[in-house]
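What follows is a set of notes on a single structure, which appears directly below.
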There are 2 protein chains.
Amino acid sequence: MTAANAQGCGYPHMTSTPKPRYQQLKEQIISRISSGDLRPLDRVPSEHELVGSTGVSRMTANRALRELTDEGYVERVAGVGTFVADLKAASHLLEVRNIADEIQMRGHEHRASVIDLESRPVAPDIADLLHVSAGSRVNHVFLVHFENDIPIQVEDRYVTIDFATDFLDQNFQNVTPSAYLSLIAPLQEAEHVVRAKMPSARIRRLLKMRAKEPCLVVTRRTWVSARPVSFARLFHPGTRFELAGRYRPPGIANSHPQDSNIVELRNFDR
Amino acid sequence: MTAANAQGCGYPHMTSTPKPRYQQLKEQIISRISSGDLRPLDRVPSEHELVGSTGVSRMTANRALRELTDEGYVERVAGVGTFVADLKAASHLLEVRNIADEIQMRGHEHRASVIDLESRPVAPDIADLLHVSAGSRVNHVFLVHFENDIPIQVEDRYVTIDFATDFLDQNFQNVTPSAYLSLIAPLQEAEHVVRAKMPSARIRRLLKMRAKEPCLVVTRRTWVSARPVSFARLFHPGTRFELAGRYRPPGIANSHPQDSNIVELRNFDR
DNA sequence: TGGAATAACCTGTATAGACAACCTCTTGCG
DNA sequence: CGCAAGAGGTTGTCTATACAGGTTATTCCA
């Protein structure tokens, strides 16, 4: 490409300046990842190939891919190529990690016991949170997570019907609801609230908690394409669980580019 | 600059390849900010000036400043210049924000009542957390924060002696300990742990909590130049406070580049 | 057959030059 | 005096080119 660019689109006097080309390239690649066209560990077109297919210069393609690297979408290896990153690392930066993964990372055994799995009319407060009309049906699962046969989390989750049509066919023994949801579509936005609360009698019994022991309650709401699709309440015994986070500002230490800022739920058994 | 660069330093066969020039430039500017040579809202040399003073090309200077923008160190305005960012935005991304700021943002009045302010021999567990020898002296402050005269946080903080020499001369009525610490030196690393816990009788009395009401306890440890300098325990009434966080992956929506991923302590008065 | 040289990729960095858009201050005209 | 035009500095983007260094597969020689 030699000329007739820089303003792109060809139309003079467009209302607003068009997006920069490196940004267009980034969004094009992100959408290929989101749509499943490019899957984790798949090869992404090389800079040279992008030059050939889109007509940008190599520096522009390089900027697009470099920024996607910084943002965790892809990983690059000099001499080899560019590959779609495992989305876990990227999406769960500030996300409380999947409880099964946490347990496995501690070398323990995870087990889940499903108590309820149904579609049912939704309560008004939760209808509001999921942006559905009150009284309409939503999928619901209620289960207990065990670490080495000790109950550690009660999960009370609501998922919109149209997002997860085969929700009721899952058994959620091996694949947690959280993992199932991120299989269907990559999470695009998340909101958490952490509270300290005394458990109801039912929760207390399920978690085998002593009397007067508070719960650490995490509520999590996740979005896909600008719509809330899931709302979950996660209850943990307060004397055994804590939420830990670490923060280091970027730019200086290039040693652990991603791993650094994580929030995780820890079992500090005492 | 025309030649004799690219490898920099002049020495052939250096053990490892030298850092890239844009990275050197970034670190140079970061250190000028950290040292206080450049203060918030100060003007940072323009790309053209950096070309003149350091000999890099404008694209290299541009990359350095652009990445510093992404990382929150500086802010740029087309046609005007580059300025050191208010460090609040950069450093407190994942940090629980200063309680006084939170209260002010809600349009309420903040007041602090200092109960203890002294230097005293440190308990073994806290000595361990601050990497000082057990029994040595550390600064200690114990105070209650009020929002519109309602107690909302008990702060129990320990600070190493050599880091804050004039700690005992502060009154901590208007400037919170957290704000005081970030005035002395920009925070470089932080660690938080969130727990649900029943309060001691003393904490319960100070926070005017009902019986059987749990506390949301945040413990925070902060580092400066790779050394832990402060350890704080923050107690909040569980029925009135929650910790909220939001996460959106970067790269798509450029609308709120920084503001997006925040953890804040909220008062949900009921 | 074994192993070294080589070619053909890839990413990472750096440069020089160009144009657009934006902001501020000055200058000069009415 | 008021306001418009312009100059000059600033960021934002894009291109074309170059070289260094890493990885992989092939080729060719001993």
Side-chain angles (χ1 to χ4, degrees), chain A residues 1-9 11-27 29 43-70 74-85 254 257, chain B residues 1-27 29 42-70 74-85 254 257:
Chain A
M1 171 160 288
T2 51
N5 51 345
Q7 273 311 320
C9 308
Y11 298 97
H13 298 297
M14 284 292 276
T15 51
S16 66
T17 56
K19 284 182 185 170
R21 312 188 68 156
Y22 73 89
Q23 184 68 24
Q24 293 177 32
L25 240 178
K26 281 175 65 179
E27 291 178 10
I29 293 171
R43 183 199 180 75
V44 175
S46 72
E47 298 179 359
H48 188 69
E49 288 166 343
L50 289 175
V51 169
S53 66
T54 70
V56 302
S57 75
R58 205 199 125 205
M59 281 304 293
T60 300
N62 174 273
R63 176 165 178 183
L65 290 178
R66 176 157 39 83
E67 295 194 357
L68 289 177
T69 307
D70 293 340
V74 303
E75 289 173 5
R76 316 193 74 190
V77 182
V80 182
T82 303
F83 306 90
V84 178
N254 264 20
Chain B
M1 172 160 288
T2 53
N5 52 343
Q7 274 311 320
C9 310
Y11 298 97
H13 299 299
M14 285 292 277
T15 50
S16 66
T17 56
K19 282 181 186 169
R21 311 189 69 158
Y22 74 89
Q23 183 67 26
Q24 293 177 33
L25 239 179
K26 281 174 65 179
E27 292 179 8
I29 293 170
D42 274 2
R43 184 200 178 76
V44 175
S46 73
E47 298 180 359
H48 189 69
E49 288 167 341
L50 289 174
V51 169
S53 65
T54 69
V56 301
S57 75
R58 203 198 128 203
M59 280 304 291
T60 300
N62 175 272
R63 176 165 178 185
L65 291 177
R66 176 158 38 82
E67 295 194 359
L68 288 177
T69 307
D70 293 340
V74 304
E75 288 173 5
R76 316 193 74 191
V77 182
V80 182
T82 304
F83 305 89
V84 177
N254 264 20

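So you know, we letter chains A, B, ... as the sequences are listed, proteins then strands, and number each from 1. Only heavy atoms go into these numbers, but all of them, side chains included; no hydrogens, no water, no symmetry mates.
In this structure, B:Y22 does not reach the C:dA14 phosphate: none of its side-chain N or O atoms is under 4.0 Å from OP1 or OP2. Phosphate contact (OP1/OP2 of D:dT11, side-chain N/O of B:T82, threshold under 4.0 Å): present. At the phosphate of C:dT15, OP1 or OP2 sits under 4.0 Å from a side-chain N or O atom of B:R21. A:R76 has no side-chain polar atom (N or O) that falls below the 4.0 Å cut-off from OP1 or OP2 of D:dG22. Considering only side-chain N and O atoms, B:T60 lies under 4.0 angstrom from the phosphate OP1 or OP2 of C:dT15.
A pairwise comparison of heavy atoms in A:L65 and A:L50 identifies CD1-CD1, 4.0 Å as the closest pair. Listed here is the closest heavy atom pair of B:Q24 and B:K19: NE2-O, 2.8 Å. Nearest approach of B:N62 to B:R76, heavy atoms of both residues: ND2-NH1, 3.9 Å.
For residues 48-57 of chain B, no residue pair satisfies the salt bridge (Lys or Arg N to Asp or Glu O under 4.0 Å) rule, not counting sequence neighbours.
For A:V80, the side chain to side chain contact (heavy atoms under 4.5 Å, CB included) partners at least two apart in sequence or on another chain are A:V77, A:F83. With sequence neighbours excluded, the residues forming a side-chain hydrogen bond (donor to acceptor under 3.5 Å, both in side chains) with A:R58 are A:E47, listed by chain and number. Qualifying side-chain hydrogen bond (donor to acceptor under 3.5 Å, both in side chains) partners for A:S57, counting only residues two or more places apart in sequence or in other chains: A:T60.
At a threshold of 4.5 Å between non-hydrogen side-chain atoms, the residues A:R63 and A:K26 do not count as touching. A heavy-atom distance below 4.5 Å is found between the side chains of A:V84 and A:V44.
Side chain of A:E75 to backbone of A:T82: no donor-acceptor contact under 3.5 angstrom is found.
The NZ-P distance, from B:K26 to C:dT13, rounds to 10 Å in whole Å. Here D:dG12 presents its P atom at 17 Å from NE2 of B:H48, a figure rounded to the nearest Å. Note: CG (A:L25) to C1' (D:dT13) measures 14 Å, nearest angstrom. Protein atom CD of B:E47 is 11 Å distant from nucleotide atom P of D:dT13, rounded to whole Å. Between the NZ atom of B:K19 and the P atom of C:dG12 there is a distance of 18 Å, given to the nearest Å. Between A:M59 atom CE and D:dC19 atom C1' there is a gap of 13 Å when expressed in whole angstrom units. In this structure, B:L65 places its CG atom 13 Å from P of D:dT13, rounding to the nearest Å. In this structure, B:N62 atom CG and C:dG17 atom C1' are separated by 14 Å, rounded to whole Å.
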Distances under 3.5 Å only, N/O to N/O: pair up the protein atoms with those of nucleotides 7-9 of chain D.
from, atom 1, to, atom 2, distance (Å)
D:dG9, N2, B:G79, O, 3.1

Pull out every protein N or O sitting under 3.5 Å from an N or O of nucleotides 25-27 of chain C, one pair per line with the distance.
none

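With C:dA14, D:dT13, C:dT15 as the choices, the nucleotide that has an atom nearest any side-chain atom of B:R58 turns out to be D:dT13.
Taking 3.5 Å as the limit, the base of C:dG12 and the side chain of B:R63 contain no donor-acceptor pair of atoms between them.
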